[in-house]
Amino acid sequence: MSDYDVDLFVIGGGSGGVRAARIAAQHGARVMLAEEYRVGGTCVIRGCVPKKLLVYASRFRAEFEDAEGYGWTVPQAAFNWSTLIANKDKEIARLEGAYTATLERARVTIVKTRAVIVDAHTVQLGSGKRVRAAYILIAAGGAPSYGDPIPGIEHAISSNEAFHLPKLPPHAVIQGGGYVALEFAGIFAGLGSRVTVVYRGENILRGFDDEVRQHVRTDMEKRGIRVFTGCKIAAIERAGSRLQARLSSGTQLPADCVMFATGRTPHVAKLGLSEVGVALAKNGGVAVDEYSRTSVANIYAIGDVTNRINLTPVAIREGHAFADTVFGGKPTPVDHSNVPTAVFSDPEVGAVGLTETEARSQLQRTDIYRAMFKPLKATLSGRDATVLLKLVVDGQTDRVVGCHIVGEGAAEMVQVAAIAVKMRATKADFDATMALHPTTAEELVTMRQKSASYAREAAE
Ligand SMILES: Cc1cc2nc3c(=O)[nH]c(=O)nc-3n(C[C@H](O)[C@H](O)[C@H](O)COP(=O)(O)OP(=O)(O)OC[C@H]3O[C@@H](n4cnc5c(N)ncnc54)[C@H](O)[C@@H]3O)c2cc1C
């Protein structure tokens, strides 16, 4: 590989790129990584981490309210947006430094610039300098997409800007029904905004279990978040210091902030991909095989830019597997089945495996076990909260093929349940596990009565 300046050139210093660069360097490769914005990428700088910090902030409201039933007198609480954002920014800067230091310790050369592929072995930096690489890894992530253009779209923000608003918007209108939309709905509402969610589909959280979707919607509405489905924002106008969102249904919504959380587009434009012959998949991402290799033999792609499962742990796993495959002498495909996922909305969702609808269309027999109850914590607080736990079981093999939870701690519970699902645990294994009392999760091992059982209907 000595004909080249480096063994590996990584485009993008996000979750996937950083992991791939570090592991490749540890395998002995000479690695250069280009990052055009900030090391850490979406997750660290304007995704998972800052989002979760804002979620924590938003949940104090309910804690203060609930404390009263437990004997506490909490003086009128006051919230300061600027303090939260400044503290969040400080933590993000610390993390960015930690990621940079980790790469430097691994002897990865970081270049803070945009990089573009010129040919199968050459990358051009912003300065015009060209770097010859034996392998190129595209880990360029994605960017928020605003969907079809509408009048006034320039007044809308995406999640990128939501992390830096100068003040908390008194009324936020959020278009989108996915996890980013619902998480920001919970954040703004918890911090004190009036929030309206607008989603063009028939119900929010497409792709999640239908009962989960309805449960979340009902609970969000109970908590004062308005949800409009079956319509979308048709235009945004400026009305003095405020905005006005006009919906396709004709409804006019005055707003201080209109946010679009309508999906993300893989960062494939202007990277030199078509010129070098890197093919795209139907989903708009870079097309790759199970080892993340593109249509050009020495160019690989991982993470959101491939638009497979757009989550940080998946990008990290793909980056690690790439490095092991190419530089570690250990070909490692990534298993994309049973990836657990969470929505840090209010109420929170955790899910892994098949939904009831998916199981009923794929399995000969599907058994459903469900528990819905008022959590113990809500008794003294008087909070109107209900937890949903649902197990989807293959009726022929007794395997638990899906676990869906809505309520406090759902994401933490599902991370652990995902181990059992991945290990192909049966419902009998769940039942044989002693309950841990008193917890919400104990219901996972004490649900004895099927709430439904379905045989697959014969195909036409
Ligand atoms: C608001 C929000 C919340 C999220 N919450 C979660 C969550 O709770 N859990 C979870 O698992 N996932 C979450 N995600 C998704 C997660 O952030 C992504 O899946 C993950 O960051 C993908 O990693 P990546 O390495 O593929 O890309 P990224 O992290 O996006 O990194 C790509 C990097 O490449 C850089 N880049 C792009 N083009 C070039 C170029 N030509 N030259 C140089 N640099 C370039 C970009 O600046 C960027 O830093 C969230 C995303 C968002 C937007």
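One-based numbering, in listed order, for ligands and for the atoms of each. Just so we're clear, the structure is a prediction, and the values are computed from it rather than from any experiment.
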Original post:
Side chain or backbone of His267 under 4.0 Å from ligand 1, or both, or neither, by non-hydrogen atoms?
Top reply: side chain
Subject >> Heavy-atom nearest neighbour in the protein, as seen from atom 2 (C) of ligand 1, with distance rounded to 0.1 Å >> reply: Gly47 CA, 3.5 Å
Subject >> Option with minimal heavy-atom separation from atom 13 (C) of ligand 1, where the choices are Gly141, Cys48, Gly142, Ala269 >> reply: Cys48
**OP:** Quick one: look up the protein heavy atom nearest atom 15 (C) of ligand 1 and list residue, atom name and how far away it is.
**Re:** Tyr179 OH, 3.5 Å
Below 3.5 Å, can you tabulate the donor-acceptor pairs from side chains in residues 183-195 to any protein atom, sequence neighbours excluded?
from   : atom 1 : to     : atom 2 : distance (Å)
Glu183 : OE1    : Lys51  : NZ     : 2.7
Glu183 : OE2    : Lys51  : NZ     : 3.2
Glu183 : OE2    : Phe344 : N      : 2.8
Ser193 : OG     : Pro169 : O      : 2.6
Ser193 : OG     : Phe188 : O      : 3.4

Original post:
So is there a nitrogen or oxygen of Arg46 less than 3.5 Å from a nitrogen or oxygen in ligand 1?
Top reply: no
Original post:
How does Lys52 reach ligand 1, by side chain, by backbone, by both or by neither, if only non-hydrogen atoms under 4.0 Å count?
Top reply: neither
**OP:** Return a yes/no value for Ala115: is any of its N or O atoms, backbone included, closer than 3.5 angstrom to an N or O of ligand 1?
**Re:** yes
**OP:** Give the contacting part of Ala139 toward ligand 1: side chain, backbone, both or neither, where contact means a heavy-atom distance below 4.0 Å.
**Re:** backbone
Original post:
How close does the nearest protein non-hydrogen atom get to atom 11 (O) of ligand 1, and which residue and atom is it?
Top reply: Thr312 N, 3.0 Å
Subject >> Thr113 heavy atom under 4.0 Å from ligand 1 >> reply: yes
Subject >> Per-atom contacts of ligand 1 with Asn310, taking only distances under 4.0 Å to non-hydrogen atoms >> reply: 15 (C), 19 (O)
**OP:** Please write down residue, atom name and distance for the protein heavy atom closest to atom 31 (O) of ligand 1.
**Re:** Gly14 CA, 3.3 Å
**OP:** Could you tell me the residue and atom name of the protein heavy atom closest to atom 34 (O) of ligand 1, and the distance to it rounded to 0.1 Å?
**Re:** Gly12 CA, 3.2 Å
**OP:** Using a strict cut-off of 4.0 Å, indicate which atoms of ligand 1 neighbour a heavy atom of Ala34.
**Re:** 43 (C), 44 (N)
Original post:
What atoms in ligand 1 come closer than 4.0 Å to a heavy atom of Leu311?
Top reply: 10 (C), 11 (O), 12 (N), 19 (O)
Original post:
Taking the six-membered ring of Tyr199 as reference, does the NZ or CZ atom of Arg217 fall below 6.0 Å from its centre and within a 45° cone about the axis?
Top reply: no
Original post:
How far is atom 37 (C) of ligand 1 from its nearest protein heavy atom, and which residue and atom is that?
Top reply: Ala140 O, 3.2 Å
Subject >> From the candidates Thr42, Val55, Ile11, the one that places a heavy atom nearest atom 30 (O) of ligand 1 >> reply: Thr42
Original post:
Heavy atoms only: which of Arg19, Arg114, Glu35, Lys51 is nearest to atom 46 (C) of ligand 1?
Top reply: Glu35
Subject >> Which of the ligand 1 atoms, numbered from 1, are nearer than 4.0 Å to a heavy atom of Pro313 >> reply: 11 (O)
Subject >> Arg370 side chain vs Leu388 backbone, donor-acceptor pair below 3.5 Å >> reply: no
Original post:
Below 6.0 angstrom between ring centroids: does that apply to Tyr4 and His121?
Top reply: yes
Original post:
How about Lys422 and Ser337: does a side-chain donor come under 3.5 Å of a side-chain acceptor?
Top reply: yes
Original post:
To the nearest 0.1 Å, how far is atom 36 (N) of ligand 1 from its closest protein heavy atom, and which atom is that?
Top reply: Glu36 OE2, 3.8 Å
Original post:
Checking side chain to side chain contact (heavy atoms under 4.5 Å, CB included) for the pair Ile117/Phe9: CA distance, chi angles, key distance, verdict?
Top reply: CA-CA 10 Å; Ile117 300 174; Phe9 193 102; over 6 Å; no
Original post:
Taking heavy atoms and a distance under 4.0 Å, where does Leu271 meet ligand 1: side chain, backbone, both or neither?
Top reply: side chain
Original post:
Counting only N and O atoms by type, is there a donor-acceptor contact under 3.5 Å from the side chain of His267 to the main-chain atoms of Ala140?
Top reply: yes
**OP:** Output the list of atoms in ligand 1 that are nearer than 4.0 Å to some heavy atom of Gly303, sorted by atom number.
**Re:** 26 (O)
Subject >> Nearest-option assignment for atom 21 (O) of ligand 1, heavy atoms, candidates Cys43, Ala315, Ala342, Ser159 >> reply: Cys43
Original post:
Given Gly16, Gly13, Ala181, which one has a non-hydrogen atom that is nearest to atom 24 (P) of ligand 1?
Top reply: Gly16
Side-chain atoms of residues 405-415: list all donor-acceptor pairs with protein atoms under 3.5 Å, sequence neighbours left out, distances to 0.1 Å.
from   : atom 1 : to     : atom 2 : distance (Å)
Glu408 : OE2    : Lys377 : NZ     : 3.3

**OP:** Please write down residue, atom name and distance for the protein heavy atom closest to atom 19 (O) of ligand 1.
**Re:** Asp304 OD1, 2.8 Å
Original post:
Do Tyr135 and Phe327 have their ring centres less than 6.0 Å from each other?
Top reply: yes
Original post:
Looking at ligand 1, does any of its N/O atoms fall within less than 3.5 Å of an N/O of Glu183?
Top reply: no
**OP:** Could you tell me whether the side chain of Thr325 and the main chain of Thr332 form a donor-acceptor pair under 3.5 Å?
**Re:** yes
**OP:** Can you establish whether the number of heavy atoms outside Arg206 located under 6.0 Å from its atom CZ is more than 12?
**Re:** no
Original post:
Counting N and O atoms only, with roles assigned by atom type, does the side chain of Asp324 sit under 3.5 Å from a partner on the main chain of Gly328, one being a donor and the other an acceptor?
Top reply: no
Original post:
Under 3.5 Å, is there a donor-acceptor pair between the side chain of Thr113 and the main chain of Gly126?
Top reply: yes
Original post:
Mind checking whether Arg264 has an N or O less than 3.5 Å away from an N or O of ligand 1?
Top reply: no
Subject >> Charged N-O contact under 4.0 Å between Lys88 and Glu91 >> reply: no
**OP:** Using atom types as modelled and distance alone, determine if a side-chain donor or acceptor of His171 lies under 3.5 Å from a backbone N or O of Pro254.
**Re:** yes
Subject >> Glu443 side chain vs Ala371 backbone, donor-acceptor pair below 3.5 Å >> reply: no
